[in-house]
K.L.:
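A single structure is presented below for examination.
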Amino acid sequence: AAKEDGKGVARLFSRDLELRVQERTRLEKSLHAALQDRQGLFVFYQPIIDLYSGRVMTREGLARWHHPQRGWVSPAEFVPVAEQCGLIDPLGEFVLDRACRNAAQWDDGAHVAVNISAIQLGRGTLVPAVSAALEVSGLPAHRLEIEVTETALLGDEQSGIQDLLTLRQMGVRIALDDFGTGYSSLAHLRAFPFDKIKIDGSFVRDALTRPECAAVVRAIADLGQRLGVRTVAEGVETEEQLALVRREGCAEVQGYLHGRPMPAAEDAELVARLDEGLGAR
Ligand code: C2E
Ligand code: MG
Ligand code: MG
Ligand code: MG
C-alpha cells in the first residue's frame, strides 16, 4: 500500500508541476506580446524626498503590467520571468525609454531612477540602451539614476562594473538598491563608487520595534556620511519612521507616507479604467 501511495503522490506532484509549467509558459507568451505591441505595460513613479529641503528630488520609475486576463501582475513576479526567458533587455529598454521621456516633461526638474536587473550588466546592451533613451528624450544624463541591487555585483563582476563606470562617465548617477540584504554588503561599496545607497525597506519597517534594525539604519546612514554618499531610507510609511530615519541621519526618504507609485499623467485615464475593471491594484 505504501508503494501505491508513493506513486499517487508522485502523480500529484507531476500534475502540479505540469500546471505550473503551463501557467509559466502562458505568462511568458503574454509578456512577450505585451512588449511587442507595448500594451498593458506602464511605468509608475514614486517620489523620493530630500529631508533637508523637503522637496521631491527624484522619482523612482517602477514597472507595472496589466495582464489581459489576470489583471495587475507584480514586478516581483514578472521581472524574474523576463530575466529567465530572455525578455529583460526589451523590458529594460521599455522602462528606460518611457522613464526618460516622462521625466523630460516634469517641470520640477526632478531626477528619475530606473531599476536595472543584474542580467542587463556586462552584455554590451545597457550602455547603448541608456544612450538611446537619453538622446530620444533629450533628458540630461545627470537627471537619470540607475539603481542596481547588490546581487548585480556578484558573479562576473568586472564587465558589469565596467558598464556602470561608463554610465557614470556619461554623467548618469548610480545607486545601490536594497542595501544590507545581500551577501557581503560592505565589499560592494569598495567595488564601485556609488552616488547613493538605498537602505532596504525591511530595516526601516522594523526599526521602531527592533533595536537591531534601528542600529542597521543608523550604521548605514553614518557610513554614507563618512563616505560622502547620500543615503535613502526606503519603505517609510509612518511619521514615527520618518522621525527615526531623520534622527539617524538619512538624507532622503521614499515610502507610502510621501506617496505611492502613480502612473504618469498621460497614462492616468487608462490606468483608472483598468483599475475599475479586472484586477484592481
Ligand atoms: P525596489 O527597486 O526596491 O522598489 C521599491 C519597492 O518598494 C516597490 O515595489 C515600491 O512600490 C515598494 N514600496 C515603496 N514604498 C513602500 C512602502 O512605504 N511600503 C511598502 N511595503 N512598500 C513600498 P514594486 O513596485 O512592487 O517593485 C518591487 C521590485 O521589483 C523593485 O524593488 C525592483 O527590484 C523590481 N522592479 C520594479 N520595476 C522594475 C524594473 O523596471 N526593472 C527591474 N529590473 N526591476 C524592477
Ligand atoms: Mg529600486
Ligand atoms: Mg529597493
Ligand atoms: Mg527591492
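Nothing fancy with the numbering, it's 1 onward along the sequence. Numbering of ligands and ligand atoms starts at 1, following listing order.
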K.L.:
So between Gly61, Pro75, Pro261, whose heavy atom ends up nearest atom 30 (O) of ligand 1?
P.N.:
Pro75

K.L.:
Looking at the Mg ion (ligand 3), which N/O/S atom of Glu234 is the nearest one?
P.N.:
OE2

K.L.:
Is the Trp106 ring parallel, tilted or perpendicular to the Tyr45 ring (thresholds 30°, 60°)?
P.N.:
perpendicular

K.L.:
Would you check the N or O atoms of Asp177, main chain and side chain alike, for any that come under 3.5 Å of an N or O of ligand 1?
P.N.:
yes

K.L.:
Tell me which N, O or S atom from Asp177 is the closest to the Mg ion (ligand 2).
P.N.:
OD2

K.L.:
Of the backbone and side-chain N, O or S atoms of Asn115, does one lie nearer to the Mg ion (ligand 2) than 2.8 Å?
P.N.:
yes

K.L.:
If you count the atoms of ligand 1 from 1 in the order shown, which ones are under 4.0 Å from a heavy atom of Ser117?
P.N.:
44 (N)

K.L.:
Between the Mg ion (ligand 2) and Glu147, which N, O or S atom of the residue is the nearest one?
P.N.:
OE1

K.L.:
Can you figure out which of Phe94, Trp65, Tyr256 has its heavy atom closest to atom 22 (N) of ligand 1?
P.N.:
Tyr256

K.L.:
Heavy-atom distances under 4.0 Å are what count here, so tell me which part of Glu60 touches ligand 1: side chain, backbone, both or neither.
P.N.:
side chain

K.L.:
If every non-hydrogen atom of Ser202 is compared with every non-hydrogen atom of Thr181, which pair is closest and at what distance?
P.N.:
OG-CG2, 4.3 Å

K.L.:
Counting only N and O atoms by type, is there a donor-acceptor contact under 3.5 Å from the side chain of Glu276 to the main-chain atoms of Arg273?
P.N.:
no

K.L.:
Just wondering, do Val236 and Gln254 contact through their side chains at under 4.5 Å, heavy atoms?
P.N.:
no

K.L.:
Quick one: look at Asn115 and ligand 1, take heavy-atom pairs under 4.0 Å, and tell me if it's side chain, backbone, both or neither.
P.N.:
both

K.L.:
Taking 4.0 Å as the limit for heavy-atom contacts, which would you say applies to Arg64 with ligand 1: side chain only, backbone only, both, or neither?
P.N.:
side chain

K.L.:
Atom CG of Asp200 and atom CD of Glu150: how far apart are they, to the nearest 0.5 Å?
P.N.:
8.5 Å

K.L.:
State plainly whether the residues Glu239 and Arg246 are in salt-bridge range, i.e. N to O under 4.0 Å.
P.N.:
no

K.L.:
Could you say whether the N/O atoms of Val79 and ligand 1 ever approach to under 3.5 Å?
P.N.:
no

K.L.:
Is it true that a side-chain atom of Gln105 and a backbone atom of Asn102 form a donor plus acceptor pair closer than 3.5 Å?
P.N.:
no

K.L.:
Who pairs with Glu135 by side-chain contact (heavy atoms from CB on, under 4.5 Å), at least two apart in sequence or on another chain?
P.N.:
none

K.L.:
Under 4.0 Å, counting heavy atoms only: does Glu237 come that close to any atom of ligand 1?
P.N.:
yes

K.L.:
Return the name of the atom in Glu60, of element N, O or S, nearest to the Mg ion (ligand 2).
P.N.:
OE2

K.L.:
Lys198 near ligand 1, heavy-atom distance under 4.0 Å?
P.N.:
no

K.L.:
Does any N or O of ligand 1 fall below 3.5 Å from an N or O anywhere on Asp178, backbone included?
P.N.:
yes

K.L.:
So is Arg205 in contact with ligand 1, going by heavy-atom distances below 4.0 Å?
P.N.:
no

K.L.:
Let me confirm one number: the CD1-CZ distance from Ile197 to Arg230, rounded to the nearest 0.5 Å.
P.N.:
12.0 Å

K.L.:
Looking only at N, O or S atoms in Asp178, which is nearest to the Mg ion (ligand 3)?
P.N.:
OD1

K.L.:
Which pairs, with at least one residue in residues 259-272 and sequence neighbours excluded, count as a salt bridge (Lys or Arg N to Asp or Glu O under 4.0 Å)?
P.N.:
Arg98-Asp267

K.L.:
Under 4.0 Å from a heavy atom of Gln46: which atoms of ligand 1 are those, numbered in the order shown and with their elements?
P.N.:
14 (C), 15 (N)

K.L.:
For the CD atom of Glu145 and the CD1 atom of Ile116, what is their distance to the nearest 0.5 Å?
P.N.:
12.5 Å

K.L.:
Do any nitrogen or oxygen atoms of Gln120 lie less than 3.5 angstrom from nitrogen or oxygen atoms of ligand 1?
P.N.:
no

K.L.:
Suppose I only count heavy atoms of Gly235 and a 4.0 Å limit; which atoms of ligand 1 are within that range?
P.N.:
16 (C), 17 (C), 18 (O)

K.L.:
Does Asp108 come within less than 4.0 Å of Arg59, counting only side-chain N to carboxylate O?
P.N.:
yes

K.L.:
Non-hydrogen atoms of Gly201 versus ligand 1: any pair closer than 4.0 Å?
P.N.:
no

K.L.:
Closer than 3.5 angstrom, by distance alone: can the side chain of Arg173 be matched with the main-chain N or O of Arg143 as a donor-acceptor pair?
P.N.:
no

